[in-house]
A.B. asks: 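Let me give you the structure first, and then I'll get to my questions.
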Amino acid sequence: MSVPLVSVLLPVYNGEPYLAAALESILRQDHDRLEVIAIDDGSTDGSLELLRRYQSADDRVAIVSRENRGLIATLNEGLAMAKGDLIARMDADDISYPTRFSRQVSLFTEQPDLAISGTGIDRLIGTRMVRGTPNPIYQTGQWGILSMFFTVFMHSTVMYNRNVIPEDMLAYDASYVHAEDFDLFRRITARFPAAMIDDSLVAYRIHGGSITNKHKRQMRRTHLRIVTENLERNALMDDPHVLDDIGVAVTADTVRRAAEFILSLQRKIEALPGAMSQSYEDGMLCFFYFLYQLINDEEQPRLTHDFLTRTGKWQSIRRRERYGLRAGAYAPWCSHLSMGVTRRLDALARYMQSVPAKMVLLNNGVA
């Protein structure tokens with residue numbers, strides 16, 4: 001089999017602070033038969049000039065620059081330009097480790113019927129790197145079921161196989177704004193095989209300017225809409241409005257209804273056949289965490305306390321969070337203190353688990 005061409009789809013919008021590191025990580029891959037499709041989506045910083053400098057030094061870089069049209073239009077434009085049988089996604093603020101593409105290409109070579117693959121990630125927080133750990137549900141779960149509940153891959157780790165995925169399917173749907181990846185992954189995994197490489201092959205950068213942070217509320221509402229559609233399609237949703245309502249406003253009523261939904265879903269899943277039931281349980285637990293975080297972000301401990309009490313899932317969250325929430329619910333005057341302590345403990349835990357980012361990148365051959 002000839003060495004496949006990998007088309008790397010790189011949308012760029014005001015990515016100047018991190019773009020050079022992202023490009024370097026792509027161009028230094030040990031699989032070097034690639035093309036980089038960099039689409040500058042109307043950046044107002046120095047992103048375009050930086051892209052041109054790289055293009056002048058490496059003819060594998062192709063640039064499109066135009067007015068701002070948004071991420072989904074940019075992704076679809078890049079897909080239409082791609083020449084490779086394999087298409088890799090990459091964000092302008094992330095870093096691919098040198099063996100990422102070769103590892104994924106090998107996987108597709110070994111499993112030619114595979115449609116999509118992702119990889120594990122490390123998290124880059126400021127100058128600190130937090131190592132990722134494998135999640136066993138990816139090795140034992142049924143992808144079509146898991147992808148009903150959550151975005152099964154980090155977008156910038158994904159590689160698509162155009163020899164398997166139909167052309168009319170490999171496109172992002174503009175009606176699922178800020179959760180277009182969730183929608184595409186559920187459609188692909190519902191019909192075709194998928195796989196995860198457990199090893200961390202991408203450093204995922206966490207910062208205030210990321211799309212995830214800037215559009216969190218809209219992203220969550222679209223996510224809830226997709227889950228509703230999936231569950232309705234499988235006759236697992238009694239109240240089609242419950243998830244949309246809590247996405248609009250977290251109140252005592254919407255929290256109560258969300259808790260009742262979780263309990264109802266749990267009963268329906270327990271009645272399913274054994275092999276299928278486990279993947280549904282794993283997916284439901286991931287979605288429970290999603291709802292828990294959505295409610296907890298409102299910083300109203302009494303509502304979070306009510307959600308956990310009604311669902312009976314106090315043991316599913318960390319012990320220190322349980323203590324903080326109980327204190328906040330029964331003594332509102334100390335709720336902000338409790339949450340502040342939790343945030344400081346989280347920061348300390350990240351620090352203790354991490355090593356300097358520069359050392360991690362050096363160990364992976366990036367820096």
Side-chain angles (χ1 to χ4, degrees), residues 135-138 140-152 175-176 178-179 181-183 185-187 189-191 216-319 321-322 325-326 328-329:
N135 189 330
I137 69 172
Y138 290 125
T140 60
Q142 299 182 40
W143 287 97
I145 295 174
L146 295 176
S147 64
M148 290 171 54
F149 293 94
F150 65 100
T151 309
V152 289
S175 64
Y176 295 102
H178 301 312
D181 50 349
F182 184 10
D183 168 62
F185 300 164
R186 68 161 170 171
R187 288 188 278 123
T189 58
R191 288 182 54 186
K216 182 182 288 187
R217 186 173 293 275
Q218 177 61 60
M219 185 181 296
R220 284 175 167 173
R221 287 200 64 184
T222 308
H223 187 110
L224 292 168
R225 173 188 162 197
I226 293 172
V227 172
T228 297
E229 291 175 355
N230 293 335
L231 295 179
E232 279 193 295
R233 192 175 296 120
N234 288 272
L236 294 170
M237 175 69 83
D238 295 326
D239 180 355
H241 305 293
V242 61
L243 298 183
D244 182 59
D245 289 347
I246 198 168
V248 172
V250 177
T251 66
D253 179 63
T254 59
V255 166
R256 174 187 58 78
R257 290 167 58 211
E260 291 171 352
F261 155 75
I262 289 291
L263 293 174
S264 172
L265 180 60
Q266 190 167 303
R267 289 191 295 270
K268 292 176 186 293
I269 288 173
E270 288 170 353
L272 294 172
M276 187 183 299
S277 175
Q278 186 58 57
S279 290
Y280 272 107
E281 287 179 11
D282 290 337
M284 183 192 68
L285 184 58
C286 289
F287 186 63
F288 160 78
Y289 287 134
F290 177 91
L291 286 175
Y292 162 72
Q293 190 60 62
L294 183 153
I295 296 167
N296 200 39
D297 279 356
E298 295 296 310
E299 298 191 354
Q300 298 186 53
R302 187 175 291 279
L303 293 180
T304 311
H305 179 278
D306 187 46
F307 180 67
L308 292 170
T309 300
R310 288 178 180 275
T311 58
K313 293 190 178 297
W314 276 97
Q315 299 305 314
S316 297
I317 65 170
R318 295 172 299 179
R319 182 169 57 183
E321 288 182 274
R322 294 200 292 270
L325 284 169
R326 286 190 174 112

A.B. asks: For Leu308, does its backbone N or O pair with a side-chain atom of Tyr292 as donor and acceptor, under 3.5 Å?
C.D. replies: no
A.B. asks: Would you tell me whether Gln300 and Thr304 have side-chain atoms, one donor and one acceptor, within less than 3.5 Å of each other?
C.D. replies: no
A.B. asks: Is the shortest side-chain N to carboxylate O distance from Arg220 to Asp297 below 4.0 Å?
C.D. replies: yes
A.B. asks: Using a 4.5 Å cut-off on heavy atoms from C-beta on, say whether the side chain of Leu224 contacts that of Leu294.
C.D. replies: yes
A.B. asks: For the residue pair Thr222 and Ala179, what are the closest heavy atoms and their distance?
C.D. replies: CG2-CB, 3.6 Å
A.B. asks: To the closest 0.5 Å, what do you measure between CD (Gln266) and CD (Glu281)?
C.D. replies: 7.5 Å
A.B. asks: Closest approach of Met148 and Gly144, non-hydrogen atoms and distance?
C.D. replies: CG-O, 3.4 Å
A.B. asks: Give me the atom names and distance for the closest heavy-atom approach of Glu298 to Arg217.
C.D. replies: OE2-NH2, 3.8 Å
A.B. asks: Mind checking the CE-OG1 spacing from Met237 to Thr228? Nearest 0.5 Å is all I need.
C.D. replies: 4.0 Å
A.B. asks: With a 4.0 Å cut-off, would you call Arg302 and Asp306 a salt bridge?
C.D. replies: no
A.B. asks: With a 4.5 Å cut-off on side-chain heavy atoms, are Phe182 and Met219 touching?
C.D. replies: no
A.B. asks: Using a strict 4.0 Å threshold on nitrogen-to-oxygen distance, state whether Asp244 and Arg221 make a salt bridge.
C.D. replies: yes
A.B. asks: Under the 3.5 angstrom rule, does the side chain of His223 hit a backbone N or O of Phe149 as a donor-acceptor pair?
C.D. replies: yes
A.B. asks: I'd like to check the salt bridge (charged side-chain N to carboxylate O under 4.0 Å, His left out) partners of Glu260; sequence neighbours left out, ordered by chain and number.
C.D. replies: Arg256
A.B. asks: Is Thr254 reaching over with its side chain to a backbone N or O of Asp245, donor-acceptor style, under 3.5 angstrom?
C.D. replies: no
A.B. asks: Within the distance-only criterion (no hydrogens, no angle test), does the side chain of Asn135 pair as donor or acceptor with the backbone N or O of Ile137 below 3.5 angstrom?
C.D. replies: yes
A.B. asks: Are any of the side-chain heavy atoms of Tyr280 and Glu270 separated by less than 4.5 Å?
C.D. replies: no
A.B. asks: For Phe307, enumerate each residue passing the ring pair (Phe, Tyr, Trp, His ring centres under 6.0 Å) test, keeping only those at least two apart in sequence or located in another chain.
C.D. replies: Phe288
A.B. asks: Do Ile295 and Ile246 make a side-chain contact, defined as non-hydrogen atoms from C-beta onward lying under 4.5 Å apart?
C.D. replies: yes
A.B. asks: Out of curiosity, Ile317 CD1 to Tyr289 OH, how far, rounded to the nearest 0.5 Å?
C.D. replies: 9.0 Å
A.B. asks: Please round to the nearest 0.5 Å and tell me the distance separating atom CG of Asp238 and atom CZ of Phe261.
C.D. replies: 9.0 Å
A.B. asks: Taking Ser279 for the side chain and Gln142 for the main chain, is one N or O donor matched with an acceptor at less than 3.5 Å?
C.D. replies: yes
A.B. asks: Once you round to the nearest 0.5 Å, how far does CD1 of Ile262 lie from CZ of Arg257?
C.D. replies: 13.5 Å
A.B. asks: Which heavy atom of Asn230 sits nearest a heavy atom of Ser147, and at what distance?
C.D. replies: ND2-O, 3.9 Å
A.B. asks: Measure the spacing between CG of Leu291 and SG of Cys286 and express it to the nearest 0.5 Å.
C.D. replies: 12.0 Å
A.B. asks: Of the non-hydrogen atoms in Val255 and Leu303, which two are nearest, and what is the gap between them?
C.D. replies: CG1-O, 3.6 Å
A.B. asks: Can you name the closest pair of heavy atoms from Thr189 and Arg186 and give their distance?
C.D. replies: OG1-O, 3.6 Å
A.B. asks: Taking ring pair (Phe, Tyr, Trp, His ring centres under 6.0 Å) as the test, write out the residues that go with Phe287, two or more places apart.
C.D. replies: Phe290
